[in-house]
Amino acid sequence: MLAWAEIRTGRETACIGGEEEDEGRGDHTDATIAKLINACQMNDIQMVFAIYEKLCRMRVQLYEGVYKLIIECCMRTQQLGHAMQFYETLKGSGQVVSSRLVIVLIEACAKEQHPEKVHTIWKDWCPSGAPIGRSQAEVLLS
């Protein structure tokens, strides 16, 4: 079970400072994503960044589950700024951000005493004047 898909619509993948070089994808994509997941699990943040950049050059679109692993790895290694960058990249990719990821990010920002980041995430999740739905209520109750 790998959380990736090729972009077939011609849209470019959002990357953090990534190049647009095409390295050829072939069978290397699955193995590269597996290495990224392993690096996240091992909290090897430098390897995570290196593999992520390689995936960007390969133009591989990552799904929310992989971004969540990267963000959690960033938080475990005290890289909250990078976690927020990956959150922004995830949002910019047009994917729906789950309430679980919002909760994880809000809790991490609150723990690190960054109320402005908590506020930013909440505003993204529940814009002013928008009705509070089930997902937003789940975040509020957490």
Side-chain angles (χ1 to χ4, degrees), residues 1-112 114 116-142:
M1 178 177 99
L2 295 173
W4 68 277
E6 294 181 20
I7 297 176
R8 293 186 174 100
T9 62
R11 234 180 38 179
E12 293 180 2
T13 303
C15 294
I16 298 174
E19 300 173 15
E20 296 298 330
E21 175 184 325
D22 187 6
E23 292 184 353
R25 298 174 61 145
D27 294 331
H28 301 289
T29 304
D30 288 347
T32 306
I33 291 172
K35 287 178 186 176
L36 175 65
I37 291 169
N38 186 51
C40 289
Q41 293 169 337
M42 300 298 288
N43 293 329
D44 187 347
I45 197 69
Q46 298 303 325
M47 183 63 71
V48 168
F49 292 153
I51 296 170
Y52 177 78
E53 290 298 325
K54 182 176 182 177
L55 288 166
C56 284
R57 287 190 304 272
M58 293 169 65
R59 298 178 185 207
V60 175
Q61 181 182 18
L62 301 174
Y63 285 131
E64 188 213 10
V66 176
Y67 279 108
K68 184 175 185 263
L69 286 172
I70 295 170
I71 290 167
E72 289 173 342
C73 178
C74 288
M75 290 186 302
R76 287 190 304 269
T77 57
Q78 284 76 44
Q79 302 283 330
L80 187 58
H82 288 297
M84 292 300 293
Q85 284 180 316
F86 280 107
Y87 167 72
E88 292 295 328
T89 301
L90 172 60
K91 274 189 352 189
S93 73
Q95 297 180 58
V96 177
V97 179
S98 72
S99 59
R100 286 185 172 171
L101 183 55
V102 170
I103 291 167
V104 167
L105 278 171
I106 286 176
E107 286 176 349
C109 292
K111 182 179 177 183
E112 295 294 321
H114 292 287
E116 71 285 351
K117 290 179 182 177
V118 170
H119 187 252
T120 298
I121 295 167
W122 177 252
K123 281 178 41 180
D124 288 345
W125 185 245
C126 188
S128 296
I132 295 179
R134 186 177 192 162
S135 295
Q136 288 84 4
E138 180 180 336
V139 172
L140 278 174
L141 294 173
S142 294

- Item | Val66 side chain reached by Tyr52 side chain, heavy atoms, under 4.5 Å | no
- Task: Check step by step if side chain to side chain contact (heavy atoms under 4.5 Å, CB included) holds for Met75 and Leu105.
- Result: CA-CA 9 Å; Met75 290 186 302; Leu105 278 171; 4.2 Å; yes
- Are the side chain of Arg100 and the backbone of Lys68 linked by a donor-acceptor contact shorter than 3.5 Å? no
- Message: To the nearest 0.5 Å, what is the distance between CE on Met47 and CE on Met42?
- Response: 11.0 Å
- Taking side chain as C-beta onward, heavy atoms only, is Cys109 less than 4.5 Å from Ile121? yes
- Rounded distance [0.5 Å steps], NZ in Lys111 versus CG in Leu80: 11.0 Å
- Message: Could you check whether any side-chain heavy atom of Asp124 comes within less than 4.5 Å of a side-chain heavy atom of Tyr87, counting everything from C-beta outward?
- Response: yes
- Query: So how far is it from Lys35 NZ to Lys54 NZ, rounded to the nearest 0.5 Å?
  - Reply: 5.5 Å
- Query: About how many Å separate OG of Ser93 and OH of Tyr67, when rounded to the nearest 0.5 Å?
  - Reply: 5.5 Å
- Query: Do Leu101 and Leu90 touch side chain to side chain, with heavy atoms closer than 4.5 Å?
  - Reply: yes
- Looking only at non-hydrogen atoms, find the nearest pair between Asp44 and Cys73 and report the distance. N-SG, 4.5 Å
- Residue pair Gln95 / Gln61: nearest heavy atoms and the distance that separates them: NE2-NE2, 3.9 Å
- Residues Gln85 and His82: side-chain donor-acceptor under 3.5 angstrom: yes
- Roughly how far, to the nearest 0.5 Å, is CD1 of Ile71 from OG1 of Thr89? 8.5 Å
- Message: Once rounded to the nearest 0.5 Å, what's the spacing between atom CD1 of Ile70 and atom CD of Gln79?
- Response: 13.0 Å
- Query: Which heavy-atom pair separates Ala110 from Val118 by the least distance, and what is that distance?
  - Reply: N-CG2, 3.7 Å
- Give the ring-plane orientation class for Phe49 versus Phe86, where under 30° counts as parallel, over 60° as perpendicular and anything between as tilted. parallel
- Can you name the nearest heavy-atom pair linking Glu64 to Val97, along with the distance? OE2-C, 3.9 Å
- Query: Does Cys40 reach the side chain of Glu72, with side-chain heavy atoms less than 4.5 Å apart?
  - Reply: no
- More than 12 heavy atoms from other groups under 6.0 Å of NZ on Lys91: yes
- Note on the structure: Result for side chain to side chain contact (heavy atoms under 4.5 Å, CB included) between Val60 and one of Leu36, Asp30, Thr32, Leu55 points to Leu55
